[in-house]
Amino acid sequence: MLTSRYSKPDVTELSISAWFYRNRTLAGFDNPARSLYVSIRELVENSLDACEGAGNLPDINVKLVSQNTSNERTGITSAPEIFQLSVQDNGSGIHQENITNLIGKMLTGTKFTYKQSRGTFGLGGSLALLYGQVTTQRPIEIVTGLRGEDYFTSILMRLDIERNEPEIVEESRIPKRQNDCGTTVTFYLQGDWLRSKRRIQEYFAQTSMIVPYSSIWFQTPDDKLIEYDRVIDTLPAQAKEVKPHPHGIDVELLKSMVSVTRTLSVASFLTSSFQRIGASTAKAFLTFAKVDADQKPRDLSNEALLDMMRAFSEYNRFSAPSAKALSPAEESVIHAGMMRLQPEFVTTTKRTPSVYEGHPFIIEAGVAYGGHLKNGINLYRFANRIPLLYDEGSDVSTRVIRNLNLKAYGLRPDNPLAFLVHICSTRVPYKTVGKEYIADVDAVRREVDLGLKDCLRRLSEQVRRRNRVQKNTKRESRLRGYYKFISETLGEATQRKIVLTNLFPAGDDE
Amino acid sequence: MLTSRYSKPDVTELSISAWFYRNRTLAGFDNPARSLYVSIRELVENSLDACEGAGNLPDINVKLVSQNTSNERTGITSAPEIFQLSVQDNGSGIHQENITNLIGKMLTGTKFTYKQSRGTFGLGGSLALLYGQVTTQRPIEIVTGLRGEDYFTSILMRLDIERNEPEIVEESRIPKRQNDCGTTVTFYLQGDWLRSKRRIQEYFAQTSMIVPYSSIWFQTPDDKLIEYDRVIDTLPAQAKEVKPHPHGIDVELLKSMVSVTRTLSVASFLTSSFQRIGASTAKAFLTFAKVDADQKPRDLSNEALLDMMRAFSEYNRFSAPSAKALSPAEESVIHAGMMRLQPEFVTTTKRTPSVYEGHPFIIEAGVAYGGHLKNGINLYRFANRIPLLYDEGSDVSTRVIRNLNLKAYGLRPDNPLAFLVHICSTRVPYKTVGKEYIADVDAVRREVDLGLKDCLRRLSEQVRRRNRVQKNTKRESRLRGYYKFISETLGEATQRKIVLTNLFPAGDDE
Amino acid sequence: MAIDSSVHSTPDVLDLINQVLFKLADTVEEGEFPEIGYYNSSRKNISYSSDQGYRPIDDTPSYIDGRKVESAKTIAGLVYGLSRFKEHLEQGMSMSLRDFYYMNKVRHVQEVLRISNQNETNRIINLSERILRIAGQSIPREEFGVVSSPKGTFFGDLTLSDQSGKKLNCTNAGEYGWFISSRPFEVKIHDINIDAAVFVEKEAMARNLIELGLPEELRIGIGSLFGQPGRNMRAWIRRLADQEVPIFVLVDLSPWSLRIFSTIKSNSIELSNIQGLATPEAHLAGMTSTDFWNKRGMLHEIEHSLELMTKSDIKCAQQNRNIPAIGQDEILNKENEALLKKKRKGELEAFKSFGLPLVELKAKYKSYLTSKAAIHDVKII
Amino acid sequence: MAIDSSVHSTPDVLDLINQVLFKLADTVEEGEFPEIGYYNSSRKNISYSSDQGYRPIDDTPSYIDGRKVESAKTIAGLVYGLSRFKEHLEQGMSMSLRDFYYMNKVRHVQEVLRISNQNETNRIINLSERILRIAGQSIPREEFGVVSSPKGTFFGDLTLSDQSGKKLNCTNAGEYGWFISSRPFEVKIHDINIDAAVFVEKEAMARNLIELGLPEELRIGIGSLFGQPGRNMRAWIRRLADQEVPIFVLVDLSPWSLRIFSTIKSNSIELSNIQGLATPEAHLAGMTSTDFWNKRGMLHEIEHSLELMTKSDIKCAQQNRNIPAIGQDEILNKENEALLKKKRKGELEAFKSFGLPLVELKAKYKSYLTSKAAIHDVKII
């Protein structure tokens, strides 16, 4: 527990690493089970980013190996155990000079551009590595190589927490073929496999659905190999970096942008720093905001910046933010992903871009039916290609599904149904710090609703068409059965022989 | 959204302030309503700490004033609004040279000692001030003075977020009486009073229960004055700083302690750095751990520290951690706090210290009945003198109460009942990052259970005693009524006059 | 006094069943899918008037179209049912609804019809009542041998013969009198020596009236409904009214009892196609709201015995407003509204809370009944 | 054949009530708080044997201590109840449980006892049965005039007189025969011309047996229980057994029907203090598990008519294990276990799913009944 602020002057500033280490629960490292899960997840997502960034179809190879021998003093294996975790990808690899900084230092982006990415708090895997080092005191091994080079660089390193600096312990080269590329990170960490097993497996299963163009192999500590082989060979188009939209920033960001701009007038600052502001828009806006277009940006006072910010939010003639920064999965990928569930039918849809608080977003949806699906409604939620595993009950998609009138589509809640919802955005409207579910925001709800309804409409046609054929055959045979019974019963009651040849002329099967 | 780690080398390190600003949702600043609530809370708790630290009975004066005039362009008052928040206390005040560092810089303690305090993430009010500056761009005013001086120092300052440094804008002196002391912080921030009103008022109401020795005045933006005058004149004893217990640390802390120690042997390192390790315990432990007692601490390898850490956790002959670091409220304070609810009866109890994961804790409990209490079970939860307002349903106390057999105490769940549970500890076992409820840990549950049962036992005696008197009078009168009816009915059936004078000799009232 | 006989003779009913069966046989042999029309008891097909109760008006027919699978199943069930009714009638035997359900479990029937629920077979019987019509009137299922568990007794100087074929007087059949036949339509009434009949909702009150000798002293018959009256009891009351015996019904003061009385008086919408179940001449003999709540009411003194209506009582009274035979009946509507206003209810047992010696209680019963009869110009004693 | 009469005469019962009232009057006049002892029906006070059913053994008495307020209230209720029973007996009148509840609403009584629930007054009646004892045996409440709504009919060549005072033959009282008296203890049996009596759980089957002429052809009586038999029916069966008429009970194959039979055979724990409700001589005539599940069982052919037991059926069967009269009875326990094993149940209506023409169905009924009787060495025809 830390001491009171006003009464204790003998405190000093910590490095980001040190602060994080002390407050690691914030990022999910609050117990061995959850830490193991978060570590795997962070590294796998980094690897997927690396592959997609390089335009390579991802091959991700994860190995989790228990280091425990039974405790020598007590004879009992005591949880938490120590694991070796290794995550290998075929991304572009890392330039030798960047390795330590990229892997071993807590960094965050400062460029004033936006682009859809998987990242959550910008901590990437670094915190996982830090956690591993703290709990095991073992160094971290990185093996990485670029295409065209004929060696992998292998580095063994430690993190100096107090100074937030990496320290290289050992460095060497390993020969490779020119075409090979990618990075393998191997390190040790404390974990609790028994308690995290289910969620880790669920994470891989759902990830395999949203990146069906990836092959993912996971070797568990129980020595099982869980394999998800690639089922489609096209990568979604990469997102482009875009400048911020004037509705998507706040004063603090505006101040920072002004502090680094080299432009000499407010007008040129606006056109060069923002999307959707050309020369004429800048002029119109500055008139609206009553700001001198030729003023030097650096001369703007705090008050003036605050006024400009207010004017941004009130000016409603900027075009909607660009969706170029988004990288939706595309229908073919969603379709392939849902086929992993081996259903009978799948329908998918991709909505046109919408806007929420100055940031663009796109909803993709899919509905699957029958086959190997379990009875009842199964929901799979993704945000920027990350599966959302918790708090499903509070998610906007759950609410939309709860309000769907399945009956109108000839379906029932106990049918074998799977719903998939993918939101991609430069700012996903998560509801809580935990980032496990999407807020019930009007704009988003509308899109999810329309997307799922579109899928259901087409799905229901398919299901109905098949049912109709099955039904007709069955109906004909039942009808004949009833009339056979009617004729027999009437025959007995009337003491006559009743023939049905006139009723079913071709009916030699009766 | 931040970009992927491996592919973007052009990123640089941020200051803690800057990082926090970007990730302020982590500390609860995620919307104007919640930010207003968190800001008030952080500053009030700092003020209470300051007063208690100085041994003064706290007088806390909070003013929240709306700065909004209706928006000139649209004519409508648009939420979020801007507020001026001012929090005044009668603590010891701050030495002039420490003002800017204590108030304007993100700091965290590094001393290797423990002591119960209100703090949550060690951010104190600084993040509130930072949030205020970011949303309003206005400077912060501090007025503070020490007892014995004849002036207050008044400082107007700004925070430089990128560098994590305060900047003084203006400084002056205001004459005062020698006996006056304390600090007033005044700043501006964005907020949403309508949406946060209920929780802020609830926060003050519950805080007034756990610090009944304080006078708290809160002037709301609706121009109402909410007053909680002091009802008891004794402060709880202050907590003492204590060294860590060997069961309450981890490897990383051990490494840091070793890195700064000036001792020359492991044995003296242990006795000087830890509580509960004297010379003989050190010797016994080092034998157990197979460590050379004379080795220099600085020479211990990572492996050796890891082994020592393991040995710490396996060695079970250390005495339990000292409870000196704790500052329980004491029964008289809990009693006074519950009397704020104006019940008919109150019983309170304070449990002896217990231990959870190397940290001591004490449970204090109270149960009130009748009077102005609402019917049903009302629960008030506190941790280190902070009210816990959310997630009541998941709290260990709720679970304990749910399992109480109220019937055994002659009570029913629809009786007017209030329960109070206060846990104080150097590490409160919160369950989640939100720190709104206490985990269902065996050791804690047991103490809460025993505490509440002890209170209920005594309460039930009081309630029963009162009921018994009421009941006896009623019973006597009913008994006479029945026998009067019996004698009349028998009289009719037997055609005799039946007199009861022998049965109720003194009964001339019948 | 006129002596009547059953509405339709068994041979007539048998003949009708045969006609239907032969018609169906001809139709399918000719290669036509049968189509069967009937009138259901929807509001369109029913009229209500206070002097006739519910009556079928046969406005909008429904059709069973034999080309449809589900309808073919219905026709199969119907044909089977008719063949069973025919056999039972020929043998003078009866069956219960549950019996008929089990007849559908005969293996070769079950294999085709796959009936899993008695509702389905009940529906076939209901349909048979609507399809078997003579002179535009449905034949009650009792007349083709399907009877419900009978309920109710009748005590009084009346001589009749029921299915047992033996002549009996209803004062000589035991302390409760005659246990009412399952097929009252076919009971023969030989001799009537009563001036009125009082039907009592609750058995205990009826028993008391008999024990106190009121049937003899007042020359009345006492029927005991045992709660909601069965079809047999309602048909029996109709039979008595046909003989010009004035009918009085003595029920609790409650919304449920208003339903009991209204069913006796007007029949029900569901069974409106069955003639002979309504007795529009029947009079409500109490307990009425004015008995308790008028200062001069005969039960005003025991107003304290009333109990609060429960939620379901109140809901019942609210629904009563939409039942034509209650909502559109002047007296019953007034009673129902009084209940809804006071939100309290009374029971026949309330007579016991006068706390009177039995001699006086008997006088109270007599004066209560004679006053109630006098209101409707019926003189008893 | 012996002709019996009521167990206790009305004057004896009146005398006993007076004794109790005078004793209480003396006690309070002497300045003592009355204390009343009685035996409740806890397991301690009850024994079970298969040849006697449940019997009271009066092991552990309970006391009502007049010094306690609640007990004083009980005594007040008891004194009031006894005074009412006395009056009713003197006038030859009966009352129902609900009547007694309303007697407690007489204003001056209500003001003192404040009774809001019929359970309280029912308890007073139950207590009266336990306190009013002659020669160690409880007096059934029917004998002090408190009767339940009666249920059940009996058809057959037997002549009797009931509360009506008139002599009647049970074949001449209508198609169902005689509606069984509310006070069978007091019925006089004059003449018996049957060799056995068959009591049938369901009315429809009983009616069919009568319609088919089995009473005449087999010289048997046919009783219809109308479901769970009332106290009056159970007492009537006991009365017949006292006259050495062999008793057969024909019920569904279900755990509930085992309870029906066991109540007839052994009475119940709650009412074990009331003599004359158990007929240990009664035989289970079916339907039995072996009828359906033995390859040679008489109902094996219609095994497909059995339905799945519901959850509540299964729970009932599981609880049956702990009812001594079922769990400790060799035959009933075997039946109950068979049901639990097969988890299916049958109904008497299943005879209809043979799909037999009525002539053959009659033969089936006859052979079924005669075989069942033969098992117990009773010859009928």
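All chains are named by letter (A, B, ...) in the order of the sequence lines, taking the proteins before the strands, and each is independently numbered beginning at 1. Just so we're clear, the structure is a prediction, and the values are computed from it rather than from any experiment.
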Self-check item: Interchain contact, C:Y101 with chain D, by part (heavy-atom threshold 4.5 Å)
Solution: side chain
Quiz item: Going by heavy atoms in the side chains, are D:M103 and C:S353 under 4.5 Å from each other?
Solution: no
Quiz prompt | Contact class of C:H108 relative to chain D, heavy atoms under 4.5 angstrom | solution = neither
Quiz item: Is the closest side-chain heavy-atom distance between D:R98 and C:L348 below 4.5 Å?
Solution: no
Practice problem: Would you check, one step at a time, whether the test ring-ring contact (aromatic ring centres under 6.0 Å, His included) holds for C:Y176 with D:Y176? | Solution: CA-CA 13 Å; C:Y176 284 89; D:Y176 285 89; over 10 Å; no
Quiz item: Taking side chain as C-beta onward, heavy atoms only, is D:N208 less than 4.5 Å from C:S94?
Solution: yes
Quiz item: Where on C:R84 is there a heavy atom nearer than 4.5 Å to chain D: the side chain, the backbone, both, or neither?
Solution: neither
Quiz prompt | N-O pairing of D:E307 and C:K105 below 4.0 Å | solution = yes
Quiz prompt | Proximal component of D:T153, with respect to chain C [non-hydrogen, under 4.5 Å] | solution = side chain
Quiz item: chain D heavy atoms under 4.5 Å from C:F226: which part of the residue, side chain, backbone, both or neither?
Solution: side chain
Self-check item: D:S182, part contacting chain C, at a heavy-atom distance under 4.5 Å
Solution: both
Quiz prompt | Structural part of D:T171 lying under 4.5 Å from a heavy atom of chain C | solution = both
Exercise. Measure distances from C:V147 to the heavy atoms of chain D and classify the residue's part below 4.5 Å as side chain, backbone, both or neither.
Key: both
Self-check item: Contacting moiety of C:M205, where chain D heavy atoms sit under 4.5 Å
Solution: neither
Quiz item: Side chains of D:E347 and C:Y102: does their closest heavy-atom pair fall under 4.5 Å?
Solution: yes
Exercise. Heavy-atom distances under 4.5 Å only: say whether C:R207 touches chain D with side chain, backbone, both or neither.
Key: side chain
